[in-house]
Colleague: 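Quick one: structure below, then a few questions.
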Amino acid sequence: MSPPATIDPPLSRPQAASWRARAAVLVLFVIAGVTIWITNSLLTDRFTQNTHNRAELRLALYSGNLLSELRRNAIVPQLLAKDPALIGALNSDDFSQSTARLISFVDEIGAASLLLLDESGRAVAATDRTRLGANHRNDPFFVNALRSNTTLFSVTEDPAGANRFTYSRRLDSQGQGIGVIVVEVDLQKFERAWAGISDAVYVTDTHGKIILASEPRWRGLTEPEAMARQPAKGAIERAIQATADWAQVSADAYLQGEAVMRKDVRIPFRGWRMTSFTSYAGVREKVNAVLALEIMGFAILLALAFYVLSRKSALRMALFQRESAELRALNLRLQREIAERERMQESLAVAEQSLAQSSKLAALGEMSAAVSHELNQPLAAMKTYLAGARLLLRRNRAEEALSSFQRIDDLIERMGTITKQLKSYARKGGDDFVPVDMAEALASALSMMEPQLRQRKVKINRIIPDAPVRVMGDRVRIEQVMINLLRNALDATEGTDDPEIDIILAAGETATLTVRDNGSGIKNLDDLFEPFFTTKQPGDGVGLGLAISSGIVNDLGGRLTARNGQVRGAVFEVQLPILNEDIEAAE
């Protein structure tokens with residue numbers, strides 16, 4: 001008989017459970033590896049793109065600021081070349097007041113320095129007194145400007161190795177050049193600002209020569225020469241931290257063998273270009289933070305798996321439970337801290353970008369709105385006088401037309417004065433005041449409003465005392481307040497059957513000017529003097545007139561109030577300190 005066949009015994013339950021546990025652990029490791037690999041790939045691409053976007057935005061901001069500074073100073077030589085005081089000093093060789101005059105201009109202009117050269121190239125006036133007497137007959141900004149009648153831009157190197165950026169223009173007298181005005185543009189402030197960031201930034205001219213750089217040793221070199229030179233400690237090394245060992249995207253450039261991101265942009269000025277190098281180091285930190293969370297999560301799952309396998313021992317089970325609880329608490333705390341830090345970083349970045357953009361737009365909006373509002377009246381009057389002068393010339397009444405042109409010339413001078421006064425509306429005091437006759441200022445303001453008053457056919461009632469009512473102040477700013485109040489009254493009476501405006505000037509403890517209209521009145525008195533508050537239709541006003549007027553009156557030591565009339569309309573009242581005879585005699 002053949003022996004009976006042997007049958008292998010089935011696996012025992014403990015052995016089957018052991019194989020299932022091992023399989024589960026193996027699957028967990030596979031899932032963890034795939035998940036970490038996919039997360040690393042996706043987040044690396046995402047954060048790298050964010051770094052690209054921020055670098056482009058930062059480069060656009062730097063180039064825009066640089067271009068704005070150049071354009072802002074480009075018009076200055078043309079204005080100073082027509083200054084009669086400077087031309088007179090060159091003709092008379094009397095430069096005793098020229099340096100002081102240039103110093104008075106430099107703060108308002110915002111230039112680095114101003115320099116006045118005579119026809120031989122000698123510095124006869126300068127905001128930097130140490131440069132007086134220096135001869136610049138061979139410098140390009142003097143030679144080229146003397147040969148041309150336009151504003152020229154030059155880049156020269158000073159003895160310290162830094163570049164000087166200048167605008168120059170010839171000063172003419174009776175058709176001949178008598179000197180050159182030189183305006184230096186402060187572009188070194190951008191280099192100082194770039195030196196405090198982690199990027200490397202430089203600007204090249206049309207020949208590829210570096211003229212501005214966050215690394216001073218790069219100036220005067222071409223890009224290949226600068227890249228071959230060993231950079232100094234500081235911003236350059238921070239911009240080229242080691243990234244080639246992990247980055248999954250190809251580098252834009254290499255400095256000292258390390259991969260960095262290279263961005264450049266064309267500046268629409270004489271063929272200039274701006275280039276920046278940005279490190280990838282921050283991307284790895286963000287990716288590692290997320291990967292740490294994932295690894296920690298899988299570590300918790302793995303700990304739970306071992307916890308199931310160790311249930312046979314009560315002592316080991318209790319110890320494992322305590323350690324697992326501590327691990328979970330630590331994990332939750334780390335998750336909250338990491339999430340909070342990420343939210344704070346994102347919120348800070350968004351807030352910085354929003355604040356920079358909002359500040360820029362607010363400054364531009366307020367300046368353009370103020371200029372538009374203050375120049376509206378002179379422009380309207382000039383249009384009317386031009387139409388009248390054209391009609392008079394067609395009728396061969398040239399002498400009467402000349403009076404219109406004279407009024408237009410006066411309005412042009414007034415517009416220039418208004419633009420100079422715009423800056424003073426925002427600061428407190430400090431101006432030199434002179435005695436101003438309120439009646440004369442009111443007559444001048446009504447003359448400015450004459451074209452609008454003719455079109456509307458508004459009845460003007462004036463009550464003015466015979467004796468002069470005088471105050472200490474700036475006549476142009478006082479007239480501006482009167483024009484704003486008259487214009488508001490004129491607009492308030494639009495749509496009224498019998499429009500009427502009462503103007504009352506009185507002298508007592510204060511000089512009081514009252515402007516009353518018979519319009520519909522004021523609905524919101526609380527916000528009346530707030531900037532950009534207006535009840536007019538879009539396009540008819542920007543709401544700056546009363547805010548500017550209130551600031552002017554406050555600067556003069558008075559106050560501007562408004563109320564509704566007893567029957568209808570609105571009443572505006574300007575009260576200014578009156579100038580009595582004793583004070584005037586003392587002055």
Colleague: Please determine if R219 and E191 form a salt bridge, counting it only when a charged side-chain N lies under 4.0 Å from a carboxylate O.
Modeller: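 Yes.
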Colleague: Mind telling me whether Y202 and F277 have parallel, tilted or perpendicular rings, with 30° and 60° as the class edges?
Modeller: tilted
Colleague: Tell me, please, which residues at least two apart from K209 pass side-chain hydrogen bond (donor to acceptor under 3.5 Å, both in side chains).
Modeller: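 For K209, no residue satisfies side-chain hydrogen bond (donor to acceptor under 3.5 Å, both in side chains) once neighbours in sequence are set aside.
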Colleague: Apply side-chain hydrogen bond (donor to acceptor under 3.5 Å, both in side chains) to T156 and R164, showing your working.
Modeller: CA-CA 5 Å; T156 57; R164 285 183 174 176; over 6 Å; no
Colleague: Between atom CD of Q188 and atom CG of N163, what is the distance when rounded to the nearest 0.5 Å?
Modeller: 7.5 Å
Colleague: Sub-3.5 Å donor-acceptor pair from the side chain of S168 to the main-chain atoms of A145, do we have one?
Modeller: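 Side chain of S168 to backbone of A145: no pair is present.
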Colleague: Does any non-hydrogen side-chain atom of R270 lie less than 4.5 Å from one of T206?
Modeller: no
Colleague: Have D128 and S113 got a donor and an acceptor in their side chains that come within less than 3.5 Å?
Modeller: no
Colleague: Going by heavy atoms in the side chains, are F572 and I522 under 4.5 Å from each other?
Modeller: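 Sidechains of I522 and F572: in contact.
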Colleague: Among all residues two or more places apart in sequence or in another chain, which pass the side-chain hydrogen bond (donor to acceptor under 3.5 Å, both in side chains) test with R343?
Modeller: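 So R343 forms a side-chain hydrogen bond (donor to acceptor under 3.5 Å, both in side chains) with E340.
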Colleague: Please find the pair of heavy atoms, one from V201 and one from M274, that lie closest to each other, and give the distance.
Modeller: CG1-CG, 4.1 Å
Colleague: Can a donor-acceptor pair be found, under 3.5 Å and without considering hydrogens, that links the side chain of S347 to the backbone of M344?
Modeller: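 Pair absent, no side-chain N/O of S347 close to backbone of M344.
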Colleague: Distance from S214 atom OG to L212 atom CG, nearest 0.5 Å?
Modeller: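 Here the interatomic distance stands at 10.5 Å.
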Colleague: Apply side-chain hydrogen bond (donor to acceptor under 3.5 Å, both in side chains) to S550 and list each qualifying residue two or more places apart in sequence or on a separate chain.
Modeller: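 Residues passing side-chain hydrogen bond (donor to acceptor under 3.5 Å, both in side chains) with S550: none at all.
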Colleague: Looking at residues at least two apart in the chain, or sitting in another chain, which of them share a salt bridge (charged side-chain N to carboxylate O under 4.0 Å, His left out) with D264?
Modeller: R262, R273
Colleague: Measure the OH-CD1 distance between Y62 and I267 for me, rounded to the nearest 0.5 Å.
Modeller: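 Rounded to the nearest 0.5 Å, the OH-CD1 separation comes to 13.0 Å.
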Colleague: Donor-acceptor check, side chain of N73 to backbone of V185, threshold 3.5 angstrom: yes or no?
Modeller: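 Absent.
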Colleague: Answer whether the closest heavy-atom distance between the side chains of F142 and L152 falls below 4.5 Å.
Modeller: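 F142 vs L152: side chains apart.
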Colleague: Measure across L187 and E69 and return the closest heavy-atom pair with its distance rounded to 0.1 Å.
Modeller: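 Taking L187 first and E69 second, the nearest heavy atoms are CD2-CG, 3.9 Å.
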Colleague: Is any side-chain heavy atom of V481 less than 4.5 Å from a side-chain heavy atom of V553?
Modeller: yes
Colleague: Would you say T166 and E184 are linked by a side-chain donor-acceptor pair, where the criterion is simply a distance under 3.5 Å?
Modeller: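 No, no side-chain donor-acceptor contact under 3.5 Å.
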Colleague: Taking the side chain as C-beta and beyond, is there a heavy-atom pair between F190 and V203 under 4.5 Å?
Modeller: no
Colleague: More than 12 heavy atoms of other residues, nucleotides or ligands under 6.0 Å from CZ of R131: is that the case?
Modeller: yes
Colleague: With a 3.5 Å distance limit and no angle check, can you tell me whether N331 reaches the backbone of L327 through a side-chain donor-acceptor pair?
Modeller: no
Colleague: Side-chain contact test, heavy atoms from C-beta onward, threshold under 4.5 Å: evaluate it for R341 versus I338 and give yes or no.
Modeller: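 Result no, sub-4.5 Å side-chain heavy-atom pair not found.
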Colleague: Measuring from atom OG1 of T275 to atom CD1 of I210, what distance do you get when rounded to the nearest 0.5 angstrom?
Modeller: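 It is 8.0 Å, given to the nearest 0.5 Å.
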Colleague: Just wondering, do T99 and T127 contact through their side chains at under 4.5 Å, heavy atoms?
Modeller: no
Colleague: Test of understanding: with side-chain hydrogen bond (donor to acceptor under 3.5 Å, both in side chains), list the residues that count as partners of D205, not counting sequence neighbours.
Modeller: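 With neighbours one apart ignored, the set is empty.
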Colleague: Could you check if a side-chain atom of L114 sits within less than 4.5 angstrom of a side-chain atom of V182, using non-hydrogen atoms only?
Modeller: no
Colleague: What's the shortest heavy-atom distance between V106 and A111, and which atoms?
Modeller: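 In this case the closest contact between V106 and A111 is CG2-O, 3.4 Å.
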Colleague: Between S68 and R72, does a side-chain hydrogen bond (donor to acceptor under 3.5 Å, both in side chains) hold up when you go through it step by step?
Modeller: CA-CA 6 Å; S68 175; R72 183 170 62 85; 5.6 Å; no
Colleague: Once rounded to the nearest 0.5 Å, what's the spacing between atom CG of L560 and atom CG of N554?
Modeller: 8.0 Å
Colleague: Quick one: pull up CD in Q480 and CZ in R477 and give me the separation to the nearest 0.5 Å.
Modeller: 10.5 Å
Colleague: Only counting residues at least two apart or in another chain, list the ones meeting ring pair (Phe, Tyr, Trp, His ring centres under 6.0 Å) with Y167.
Modeller: F153
